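Shown next, in structure tokens, is the structure this report addresses.
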There are 2 protein chains.
Amino acid sequence: MEAGSDGDVCAKWSETLRVYHTTSCELENELQSRHDLGLSEFEVLLNLSKCCGQSGGKAKMKDLEAAMYLSQSALSRTVTRLERAGLVTRAACDFDRRANFLMLTPAGKERFEAAAPTHRSVLIKHFG
Amino acid sequence: MEAGSDGDVCAKWSETLRVYHTTSCELENELQSRHDLGLSEFEVLLNLSKCCGQSGGKAKMKDLEAAMYLSQSALSRTVTRLERAGLVTRAACDFDRRANFLMLTPAGKERFEAAAPTHRSVLIKHFG
DNA sequence: TGACATCCAATGCGCGTGCATGTAAGTTCT
DNA sequence: AGAACTTACATGCACGCGCATTGGATGTCA
């Protein structure tokens, strides 16, 4: 057995835990209080805005699910919240009527662009 | 502004997210299915067993709270679950009757020692 | 000593999550 | 075409979490 791998993994996990909790809590609080967005809601907007450049701003639920650490049901509800808030629209897919296309609305794009600097500055504070 | 600090923080956060989610999910599942313990329950046992060597196996709620990434209320309920399961006992503190001392029961010690290798092996798998 | 602030832990409450299931749409095989 | 299977998404449900509040114990100051 290799010496050191034992105690070290625990310390590494501890450190990961610390970084994750402090960062995600601060992200959550800042995004919520300043932009009325939860962290996973912001991350959906982030992924959608990435798709914007590539595929005309459309994304399938399944693709989003694969890109995020969120269960299918949680994603579905998160999108429902965003839709209710008018930040995102669901559109049926012509070729597969089971699937949904998601698009940022103008309001969604605006909200995301307002929130992105907040998100970025928290990350820089913790990782910069 | 320093070049690189921008895109990098996002990638670092992404990586932290990935490691945290994959590891904590696997810990949660393994501990739950093999030892009927949630991750935060295990972590309470872990902290208590650390105290065991130092202060006779007693720990105050406040000290645990400081050592863990859990709110006061969440910790209180986690300890309640552990107490119901017979793994931990609450004992009043003679000097400050607001505070509680916590102790591992023999069953708690046994359960922890059974679960610790599972915990360790998951960590080694992800960090080793 | 009496009034007031502080502290510890428990609890009511709302929320977001994952798991299991339901429903509708597409696919495959004969 | 029809039956059996698979896939995409929504929903019922139980659970753990954080926030705010409560109740009881301690400390402080006049």
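Keep in mind the model is a prediction, meaning the values are calculated, not measured. Chain identifiers are assigned alphabetically (A, B, ...) following the order of the sequence lines, protein sequences preceding nucleic acid strands; residue numbering begins at 1 within each chain.
DNA chain C is contacted by no residue of residues 18-39 of chain B, taking any non-hydrogen atom closer than 4.0 Å. Interface residues of residues 60-85 of chain A facing DNA chain C, ordered by number: A:Leu70, A:Ser71, A:Ser73, A:Ala74, A:Arg77, A:Thr78, A:Arg81; criterion, heavy-atom separation under 4.0 Å.
Going from atom CG of B:Leu104 over to atom CD of B:Glu110 covers 12.0 Å, rounded to the nearest 0.5 Å. Interatomic distance, CG of A:Leu48 versus NZ of A:Lys58, reported as 13.0 Å (0.5 Å rounding).
None of B:Leu102, B:Leu64, B:Asp63 except one satisfies the side-chain contact (heavy atoms from CB on, under 4.5 Å) rule with B:Asn47; the exception is B:Leu64.
Nearest approach of B:Ser76 to B:Met61, heavy atoms of both residues: CA-CE, 3.7 Å. Looking at every heavy atom in both residues, A:Ala107 comes nearest to A:Gly86 through CB-O, 3.9 Å. Of all non-hydrogen atoms in A:Ala115 and A:Leu37, the two that sit nearest each other are CB-CD1, 4.0 Å. Contact between B:Ala92 and B:Phe101 at its shortest, heavy atoms only, is O-CD1, 4.4 Å.
For B:His35 and B:Glu30, the side-chain atoms include no donor-acceptor pair closer than 3.5 Å. Looking at A:Thr78 and A:Arg81, their side chains do bring a donor and an acceptor atom within 3.5 Å of each other.
Between chain A and DNA chain D, the heavy-atom contact criterion of under 4.0 Å yields a 5' to 3' nucleotide range of D:dT7 to D:dC13.
The 12-atom threshold is exceeded at CZ of B:Arg90, counting heavy atoms of other residues, nucleotides or ligands nearer than 6.0 Å.
With sequence neighbours excluded, the residues satisfying ring-ring contact (aromatic ring centres under 6.0 Å, His included) with A:Tyr20 are B:Tyr20. Scored by the salt bridge (charged side-chain N to carboxylate O under 4.0 Å, His left out) test, B:Glu28 finds no partners at all (sequence neighbours excluded).
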Are there any protein N/O atoms within less than 3.5 Å of an N/O atom in nucleotides 24-28 of chain C, and if so, which ones and at what distance?
residue: C:dG26; atom: OP1; partner: A:Arg97; partner atom: N; Å: 2.9

